[in-house]
Amino acid sequence: MATLPDASRTAGRATISQRTLRTDKWWLQPLITVIVLVSFVIYSTWRAFSNANYFYEPLISPFYSPCLATSCVEGSTNFTPFGGWWILSPALIILIIPLGFRMTCYYYRKAYYRSFWQSPPACAVSEPHKKYTGETREPLILQNFHRYFFYLGLLLNIVLTYDAIIAFRNHDGEWFHMSVGTVVLLANATLLWMYSLSCHSCRHALGGRLKHFSKHPVRYKFWTVVSRLNTRHPMFAWLSLFGVALADFYVMLVAQGTIQNLYFF
Amino acid sequence: MTYTASMRVWRGDDEGGELVDYEVEVNEGEVVLDIVHRLQATQAGDLAVRWNCKAGKCGSCSAEINGKPRLMCLTRMNTFGEDEVVTITPLRAFPVIRDLVTDVSFNYEKAREVPSFTPPVGLEPGDYRMTQVDVSRSQEFRKCIECFLCQNTCHAIRDHEENKKEFAGPRFLMRVAELDMHPLDTLDRKELAQDELGLGYCNITKCCTEVCPEHIKITDNALIPLKERVADVKYDPIRWLGSKIRKRDGL
């Protein structure tokens, strides 16, 4: 069992050699986090590079939306600023935004610092590293750019909401139809909005930076609502992660013909 | 309902020590501090323990119980199984004086590094006027009883003694946040928080929040908002530019 770092043992502290005296299953939560996040990374990497089965009129996978290269499947896009020179999967263009948003997210930082970097693995369980500088220097000081990924993420949410709205069409493009795919894309967009709006940077931008709430009653109201959402940010972080994977999986199954997109009307 | 509990208590000083086993009577409704007092009264008259109010308000009886930083007076014995060994050790981030008593003067040194409340020049005490919504955020942080469990648990100093010089710890960064959010405080404390008090060492793993006996949301309501405020002035060129174009100090 690892012991406390030398410096900590020689500072007049109580001589306790065990890494922790906790008797509960403190290792369980980091383990679950590793399993879930690694599973998601494997799935999303495979799907992002597969460059297939991401569109079936009117459904588009959130991994490939907006599709910005001319190599995108016909009908999946009208806007191709990346033109024909982009020869890799078009998912790689857009996934940088949610990847950056989640990597710099205050909740995910806690999750992966604890589970992957073990810094610390759990409270009052000593970490294995000899040195610790936290987010004081590169590259982790770049976590401070979280707000920019938040703003870009909002743009992406608008696109994914648009995708959910146009899913109220049938395969022939006629409006006022609804399918399981519509529900899936709507749920995905809703969860992403909840995740974004409950973000700590959102809370700060809307009112957190104010010193005088009383001088800004509207922003104070927004801040109050977002603060309430913010307490559930971890839940929305996980639900939206599952949501986006499930939405992609559903579109993939429909696009490759494994299942049919069942229409309610 | 009375039973005999197995307790292990760290006994020693800065020269060394060990966990010592005791069998102690436990009665219904008792907390860990009661058991420590019974130990003192019946078996270990020289056992050193710091305590005061026995009501979770003075922050004196901080210790680690089965490895978790907690107040002994708020930890009920019925949260453990009757056949479970309950281990009590002193706070591990601070130098031990004797048995369960540690030297927490690090915290008072850090407290002195935070400039005190600075009202506008010319504003006399008694003339302070502000609305409740302007101070409600700060009031949460005023619940702090300075038990220093958060300071003890924060791995940035618990596991890295060498960081004590650079890092003030969650309790005092929360104090900075409290003052920076105060409507009548005139000092800009963001640079201080980042450059002098080591806010960057915080990697928001929330152990300070987990152990706070006052249930203050230290990370979500103090440290992360403070990090965002620092980002406003140090890591956000667009916001910086905006502040130069539109002078809006003291929003």
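Just the heavy atoms: all of them, side chains too, but no hydrogens, waters or symmetry mates, feed the values below.
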Is it the backbone or the side chain of [X] that comes under 4.5 Å from a heavy atom of chain B, or both, or neither?
X: A:T231; result: neither
X: A:W223; result: side chain
X: A:R147; result: side chain
X: A:Y220; result: side chain
X: A:F145; result: side chain
X: A:Y107; result: neither

Report which part of [X] has an atom under 4.5 Å of a heavy atom belonging to chain A: side chain, backbone, both, or neither.
X: B:D220; result: both
X: B:C154; result: neither
X: B:E228; result: both
X: B:K234; result: neither
X: B:D185; result: both
X: B:N152; result: neither
X: B:Y201; result: both
X: B:I238; result: both
X: B:D236; result: both

Quick check: are there more than 12 heavy atoms from other residues, nucleotides or ligands sitting under 6.0 Å from [atom1] of [X]?
X: A:N78; atom1: CG; answer: no
X: A:I96; atom1: CD1; answer: no
X: A:F222; atom1: CZ; answer: no
X: B:E84; atom1: CD; answer: yes
X: B:F117; atom1: CZ; answer: yes

Among the options [options], pick out the one with the most heavy-atom pairs lying under 4.5 Å from chain B.
options: A:V125, A:L142, A:T136; result: A:T136
options: A:H204, A:R22, A:K110, A:E135; result: A:H204
options: A:Y106, A:W26, A:Y113; result: A:Y106
options: A:S201, A:C123, A:G208, A:S227; result: A:C123
options: A:A122, A:A205, A:S119; result: A:S119

Residue, of [options], that accumulates the most heavy atom pairs under 4.5 Å with chain A:
options: B:E64, B:H155, B:M181; result: B:H155
options: B:T205, B:D14, B:T219; result: B:T205
options: B:K164, B:E166, B:H182; result: B:H182
options: B:R137, B:E15, B:K227, B:E18; result: B:R137
options: B:V211, B:I97, B:D180; result: B:D180

[X] versus [Y]: any side-chain heavy-atom pair under 4.5 Å?
X: A:Y108; Y: A:L37; result: yes
X: B:S6; Y: B:D21; result: no
X: B:L91; Y: B:L149; result: yes
X: A:L160; Y: A:W193; result: no
X: A:I94; Y: A:L156; result: yes

Q. For A:G243 and A:N188, which heavy atoms make the closest approach, and how far apart are they?
A.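 So the two residues come closest at C-OD1, 3.6 Å.
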Q | Set of side-chain hydrogen bond (donor to acceptor under 3.5 Å, both in side chains) partners for B:T102, sequence neighbours left out | A |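 None.
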Q | Under 3.5 Å donor-acceptor, B:R11 side chain and B:R98 backbone | A |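 Checked: no pair found.
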Q) Which is it for B:F172 and B:F106 under the ring-ring contact (aromatic ring centres under 6.0 Å, His included) test, yes or no, and what are the steps along the way? A) CA-CA 11 Å; B:F172 299 104; B:F106 159 77; 7.8 Å; no
Q: Before accepting this row, confirm whether a basic side-chain N of the pair B:K190/B:D232 lies closer than 4.0 Å to the acidic partner's carboxylate O.
A: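 Not counted as a salt bridge, because no side-chain N and carboxylate O are separated by less than 4.0 Å.
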